[in-house]
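Step one of this worksheet: look at the structure below.
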2 protein chains.
Amino acid sequence: MRKTASTNTINKEQLEANCGIAYTNSILSGRWKLSILAFLLDEKKLRYSELRNRLTGISERMLIVKLKELQADDLINRISHPEVPPRVEYELSKKGKSLESILIEMSKWGTKNATKK
Amino acid sequence: MRKTASTNTINKEQLEANCGIAYTNSILSGRWKLSILAFLLDEKKLRYSELRNRLTGISERMLIVKLKELQADDLINRISHPEVPPRVEYELSKKGKSLESILIEMSKWGTKNATKK
DNA sequence: GAAAGTACATACAAAATTGTAGGATACTAA
DNA sequence: TTAGTATCCTACAATTTTGTATGTACTTTC
């Protein structure tokens, strides 16, 4: 990122930096997605029911909705096994894995600052 | 945030206590905060009107609301100069500056992935 | 003396997000 | 026959977030 700008015009780098952040934000913001991604980063592959158990308080509807959005953004893969009862697993896609550094930074910052309040 | 009485809030507090990511998310999520912080990281100190101009499309109400929330979370400082017409500047606090690595990672990821779709 | 600039505030409304309740499927075990 | 399991779906309702419109205090400029 850049240093102080003395004029009131916004330069290209600034706009792009902000655009990048705004795009990432639009993909990740909301109450559940980051947690879903974090669990998948941690445990590689999780079943629907395993995710449901880890995400304390999430409704089945929200879990489905958010999993679908994450698939639509190509951040996770859905692996469906044709069995009865059904078995479906989720894992990070390549694009999803590329979020690792963001997730790690957010986790570190959170654990460091969560208690201070 | 939801009412304290709802079961969801209880679960949210649990998540915040147990998971750094959830805490960080609860502090940063929403449409504007990350952009506000990014501009302040870039330009060190900005007046209210300068922020308003950079955050294309934000209403004055939202800007005030979000600036107050960021102050309440001790991420930014408000510097009021006793002049007429009023002059108020905002800057990152120490805690706000500690978000730098998150902001940079999100900016990088966004600019890298935004065009691909 | 009317307009314009600053940094807000307030009431209200629209939109987005999240939640609740119930059901569908389709096989399997009792 | 009845109940159980895992994954997901749909209608609808509550909650949260964001937006619109308007006002305020004060002073300089036209």
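A note on names: the letters A, B, ... follow the listed sequences, proteins ahead of strands, and every chain is numbered from 1. Only heavy atoms go into these numbers, but all of them, side chains included; no hydrogens, no water, no symmetry mates.
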Query raised in the report: Can you list the residues that meet the side chain to side chain contact (heavy atoms under 4.5 Å, CB included) rule with B:R61, with sequence neighbours excluded?
Result: B:S59, B:V65
Report task. In whole angstrom, give the distance that lies between atom CG of B:L63 and atom P of D:dT17. Result -> 17 Å
Report task. Encode nucleotides 3-9 of chain C as B, S and - characters from 5' to 3', where the letter depends on protein heavy atoms closer than 4.0 Å: B to the base, S only to sugar-phosphate, - to neither. Result -> ---BBBS
Report summary line: Heavy-atom nearest pair, B:W32 first then B:T56, reads CH2-O, 3.9 Å
Query raised in the report: Rounded to whole angstroms, how far apart are CZ on B:R31 and P on C:dA15?
Result: 13 Å
Query raised in the report: A:K33 NZ to C:dT18 C1': how many Å, rounded?
Result: 13 Å
Query raised in the report: When you measure from the side chain of B:E105 to the backbone N and O of B:S101, does any donor-acceptor pair fall under 3.5 Å?
Result: no
Requested in this report: Kindly say whether B:S26 contributes a backbone atom to a donor-acceptor pair with the side chain of B:S29 at under 3.5 angstrom?
Outcome: no
Query raised in the report: Is A:K66 touching bases, backbone alone, or none of the nucleic acid, heavy atoms closer than 4.0 Å?
Result: sugar-phosphate
Query - Atom-to-atom span, CD1 of A:I27 to P of C:dT17 - whole angstrom - result: 13 Å
Query - Distance in angstrom units between A:W32 CH2 and C:dT18 P, rounded - result: 9 Å
**Report entry** Atom pair distance, as rounded to whole Å: CE in B:M62 and C1' in D:dT17
**Finding:** 6 Å
Report task. Identify, with sequence neighbours excluded, every residue that meets salt bridge (charged side-chain N to carboxylate O under 4.0 Å, His left out) alongside A:E50. Result -> none
Query raised in the report: Hey, is A:E100 close enough to A:K97 for a salt bridge, meaning N to O under 4.0 Å?
Result: no
